[in-house]
There are 2 protein chains.
Amino acid sequence: MVLSRIILGLLAIAPMTGYDLKRHFDSTVGHFWSADKAQIYRTLAQLVADGLAEVETVAGAGAPDRQEHRITAAGRAALAAWLESAPERQVERDPFLARVFFGADLDDDGFRALIAGRRETTSARLAGFERLRAEADAPDRAARLRLATLDNGIAHLRTELAWLDAVEEELA
Amino acid sequence: MVLSRIILGLLAIAPMTGYDLKRHFDSTVGHFWSADKAQIYRTLAQLVADGLAEVETVAGAGAPDRQEHRITAAGRAALAAWLESAPERQVERDPFLARVFFGADLDDDGFRALIAGRRETTSARLAGFERLRAEADAPDRAARLRLATLDNGIAHLRTELAWLDAVEEELA
DNA sequence: CGCCACTAGTAGACAAGTCCCCTAGGAGAT
DNA sequence: ATCTCCTAGGGGACTTGTCTACTAGTGGCG
């Protein structure tokens, strides 16, 4: 459900192929939603079946044909309805915290490696987010909102790094 | 996979029924992992089939029979292996941020309601976490690690509230 | 010429997770 | 006496998501 609405949201910005969408999920919207390629194509087919999007095959000039999907009026209505709808129940699922929770069964080296691994991926992600943030400009309200979600990610990544420091210090 | 290992971790603390486990997922480990009842019973059956846990039916004195599950030696080995294994790829999925991302399609009242709703659930969760935190004591390393995961949740919830304030101010 | 990377899309198997339904006994409230 | 809640344990349908592999064309590199 959420995936289909995010796709509709992206199609509302511009007509796209499944491939274009995949790139968005790997960059612009990747900080709050990830999606598998196969899942995207399936959801896209479903949107077309439900009349929320239309396909147009565009012959590729020296490249594979593009199946351009564009949002329909019904699609825009569905997107608006979702935006105003009640929030989905939030699932908190963090395998890293699960390991920390049972971390007593781990020796000291193992625990340190666990923390170090998390710090690495966290700061790598933070660096990526901050680069995106620096490159972005916010001319209008829509762009400012999109940037706000990126700021949310940045804030949480910084919180995570601070927490990692605290945990390591407490165990030193 | 992660669910099965968390269950093993809980069984390593004490033998439990599926029902007991469900209560843990609704309280102690709920801040980093949620699980549906049906999923827990299925996973438990799988663990028994794989020889990682054993069942013993305990006749209930004036209550339904309890199917007590206890971890086996193989189960402890599997838990240890998972603790040291490479981290699962982390999925970031937040339907709320998705709504904010496309929030320009929302009128001002709708947007304010969205933010207000998030603030409510966030502070409610924070209050719950802080109560758990206040009630808890940390006599040993294992308990301190478990508390650290709770602190992680608290830190992120506070970050979220601060971000909500910033977003609202920027749009005022 | 062969190899690799990129664009574009598809198929199928599986794993994971949610939702709604059900049985049953006991306890306490109305 | 009936109703509802709590404990305890399921079943089955369905949706969502992941992984692997495959087709097919283009362009660049050595």
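Just so we're on the same page: letters track the sequence lines, and every chain starts at 1. Only this structure's heavy atoms are used, side chains among them; waters, hydrogens and symmetry mates stay out.
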Practice task
Please check the phosphate of dG10(D) (OP1 and OP2 only) for any side-chain N or O of Tyr41(B) closer than 4.0 Å.
Solution key: no
Handout entry: Asp165(A)/Arg119(A) ion pair, N-O < 4.0 Å
Key = yes
Exercise for the section: Measure from CZ on Arg66(A) to C1' on dG25(D) and round the result to the nearest Å. Expected result: 15 Å
Problem - Rounded distance in Å - CG (Leu3(A)) to C1' (dT18(D)) - result: 13 Å
Problem - Minimum-distance nucleotide to Met1(A) side chain [options: dT16(D), dG9(C), dG17(D)] - result: dT16(D)
Practice task
Quick one: label Lys37(B) by what it contacts on the DNA or RNA (base, sugar-phosphate, nothing), any heavy atom closer than 4.0 Å.
Solution key: base
Completion exercise
Side-chain contact check for Arg93(A): nearest option of dA8(D), dG9(C), dG17(C) is dG17(C)
Problem - For atom CD1 of Ile40(A) and atom P of dT16(D), their distance in whole Å - result: 15 Å
Problem - From dA8(C), dT7(D), dT18(C), nucleotide with atom closest to Asp36(B) side chain - result: dT18(C)
Practice task
May I ask you to check whether Arg93(A) and Ser34(B) show a side-chain donor-acceptor distance below 3.5 Å?
Solution key: yes
Exercise for the section: Round to the nearest Å and state the distance from Gln46(B) atom CD to dA16(C) atom C1'. Expected result: 12 Å
Exercise for the section: Find the distance Gln39(A):CD to dC19(D):P and express it as a whole number of Å. Expected result: 12 Å
Fill in the blank from the handout: Taken to the nearest whole Å, CD/Gln67(B) to P/dT7(D) is 18 Å
Practice task
Answer yes or no: is there an ion pair linking Glu92(B) with Arg125(A), defined by an N-O contact shorter than 4.0 Å?
Solution key: yes
Practice task
Verify the contact: side-chain N or O of Tyr19(B) to OP1 or OP2 of dT7(D), cut-off strictly under 4.0 Å; return yes or no.
Solution key: yes
Handout entry: 5' precedence on DNA chain C between Ser34(B) and Ala38(A) (nearest-nucleotide basis)
Key = Ala38(A)
Handout entry: Whole-Å gap separating P (dG17(C)) and CZ (Arg89(A))
Key = 11 Å
Exercise for the section: Give the rounded distance in Å between these two atoms: CD of Gln90(A) and P of dG17(C). Expected result: 15 Å
Exercise for the section: Starting at NE2 of His24(B), measure out to CG of Asp26(B) and round the result to the nearest 0.5 Å. Expected result: 11.0 Å
Problem - Trp33(A) side-chain proximity, nearest of dG17(D), dC19(C), dA21(D) - result: dG17(D)
Problem - Phosphate OP1/OP2 of dG9(C) contacted by Thr17(A) side-chain N/O (<4.0 Å) - result: yes
Completion exercise
With the side chain defined as heavy atoms from C-beta on, Arg42(B) is closest, among dG17(C), dT18(D), dT10(C), to dG17(C)
Problem - Arg23(B)/Asp20(B) ion pair, N-O < 4.0 Å - result: yes
